[in-house]
Undergrad: 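Dumping the structure here so I can ask a few things about it.
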Amino acid sequence: MRTTRALAVAATAVAALGIAAPVAAARDGMPVGPSNIVALPSVIARGGQLTITVDGCPRGGTATSDAFPATTLTPVPGGTTAKGTATIDRNARSGAHSITVHCTGAGRPLTHPNAFTVIGGVRGGLGGSSTTGATPTDMAIGGGLIAVALIGGGVFWMRRRAEKQI
C-alpha cells in the first residue's frame with residue numbers, strides 16, 4: 001500500500017516537472033522556432049487590441065490571423081521572447097480564431113488553434129421604452145393609489161375617533 005502511494009506521488013511529481021519544464025530545442029544556442037503563443041485577452045470585441053507574446057522568437061517576427069492584419073513582433077530585451085499588439089478587424093467573424101507566428105531566422109512557423117475568441121456586438125435599441133419619465137398611465141395609477149390611501153386613512157381616523165366617544 002505504501003509502495004503504491006510512493007509510486008503515485010513520484011509519478012505525479014515527474015509528470016508535473018515534465019509539463020512545467022520548457023521545451024528547449026536549440027541549435028548553436030539559438031532556438032529553432034517559436035515554442036509558445038499567448039494571446040491576451042482571450043476574449044475580445046471587434047476593434048479591440050490583442051497582445052501577442054511568443055516564446056522562442058529572439059529576433060522578432062510576424063503574427064497572422066484571419067481576424068487581424070499581419071502584426072510585427074518585436075524582441076523583448078534580455079530574452080528569447082517577442083511581443084506585439086494586433087487590432088481586431090471591425091468585420092471579424094464571431095468565434096474562435098487561430099494565430100500563426102513566423103519568427104525571423106526560424107525554420108518552422110507555429111500555429112496556436114483557438115488562441116482567442118471574438119465576441120460580436122449587441123444590437124441595442126430603446127429596450128421597449130418610447131419616452132422618458134412617467135407616462136400618463138403611470139400618473140393615473142399613482143394618483144389612484146394616493147387617493148385610495150387618503151380615503152382609507154380618513155375612514156380609519158373617523159372610526160377611531162368615533163370609538164373614543166363611546
Side-chain angles (χ1 to χ4, degrees), residues 1-138 141-142:
M1 189 70 162
R2 287 184 186 180
T3 306
T4 306
R5 282 186 193 164
L7 285 175
V9 169
T12 304
V14 169
L17 194 64
I19 291 171
V23 177
R27 181 185 315 146
D28 297 333
M30 294 301 292
V32 174
S35 61
N36 187 30
I37 301 172
V38 177
L40 294 175
S42 60
V43 177
I44 190 166
R46 295 177 183 114
Q49 291 193 330
L50 184 72
T51 301
I52 304 163
T53 306
V54 181
D55 294 332
C57 205
R59 296 183 194 144
T62 306
T64 58
S65 176
D66 60 340
F68 58 81
T71 301
T72 301
L73 302 173
T74 56
V76 174
T80 61
T81 303
K83 196 172 200 176
T85 302
T87 302
I88 304 300
D89 292 333
R90 292 273 180 200
N91 59 355
R93 68 169 171 75
S94 297
H97 294 272
S98 300
I99 296 176
T100 300
V101 172
H102 299 273
C103 291
T104 304
R108 61 176 179 82
L110 178 66
T111 299
H112 181 353
N114 304 325
F116 64 99
T117 302
V118 174
I119 55 174
V122 177
R123 295 190 182 263
L126 294 175
S129 66
S130 58
T131 61
T132 59
T135 63
T137 306
D138 295 334
I141 292 170

Undergrad: Give, for atom OG of Ser65 and atom CD1 of Ile99, the distance between the pair rounded to the nearest 0.5 Å.
TA: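 It is 6.0 Å, given to the nearest 0.5 Å.
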Undergrad: Give me the atom names and distance for the closest heavy-atom approach of Ala92 to Arg46.
TA: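 Between these two residues, the closest heavy atoms are O-NE, 2.6 Å.
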Undergrad: Return the minimal non-hydrogen interatomic distance between Pro113 and Thr111, and the atom names on each side.
TA: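 The answer is CD-O, 3.4 Å.
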Undergrad: Taking Val54 as the fixed residue, which of Leu110, Val101, Val76, Val38 is the one that meets the side-chain contact (heavy atoms from CB on, under 4.5 Å) rule?
TA: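 It is Val101, the one option of Leu110, Val101, Val76, Val38 that forms the side-chain contact (heavy atoms from CB on, under 4.5 Å) with Val54.
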Undergrad: How far does OG of Ser94 sit from CD1 of Ile119, to the nearest 0.5 angstrom?
TA: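 Rounded to the nearest 0.5 Å, the OG-CD1 separation comes to 8.0 Å.
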Undergrad: For the residue pair Arg93 and Asp66, establish whether any side-chain heavy-atom pair is separated by less than 4.5 Å.
TA: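 SC-SC contact between Arg93 and Asp66 confirmed.
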Undergrad: Looking only at non-hydrogen atoms, find the nearest pair between Pro58 and Gly79 and report the distance.
TA: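 What the structure gives for the nearest pair is CB-O, 4.2 Å.
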Undergrad: To check you understand the geometry: which heavy-atom pair defines the closest contact between Pro69 and Thr87, and what is its length?
TA: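 Minimum heavy-atom separation between Pro69 and Thr87: CD-O, 3.9 Å.
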Undergrad: Can you tell me how far OG1 of Thr81 sits from CG of Asn36, rounded to the nearest 0.5 angstrom?
TA: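 The OG1 atom of Thr81 is 9.0 Å from CG of Asn36, to the nearest 0.5 Å.
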Undergrad: If every non-hydrogen atom of Leu73 is compared with every non-hydrogen atom of Gly84, which pair is closest and at what distance?
TA: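 In terms of heavy atoms, the two residues are closest at CD2-N, 3.6 Å.
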Undergrad: For the residue pair Ala82 and Cys57, what are the closest heavy atoms and their distance?
TA: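 Closest pair (atom of Ala82, atom of Cys57, distance): CB-O, 3.4 Å.
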Undergrad: Side-chain contact, heavy-atom cut-off 4.5 Å: Ile44 with Phe68?
TA: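 Not in contact.
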Undergrad: Is a side-chain N or O of Thr74 found less than 3.5 angstrom from the main chain of Lys83, in a donor-acceptor match?
TA: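 Such a contact is found between Thr74 side chain and Lys83 backbone.
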Undergrad: Is the shortest side-chain heavy-atom distance between Thr71 and Leu50 below 4.5 Å?
TA: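 Of all side-chain heavy-atom pairs linking Leu50 with Thr71, none is under 4.5 Å.
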Undergrad: Looking only at atom types and distance, does a side-chain atom of Thr117 sit under 3.5 Å from a main-chain N or O of Gly95, one as donor and one as acceptor?
TA: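 No, the answer is negative, given that no donor and acceptor are paired below the 3.5 Å cut-off.
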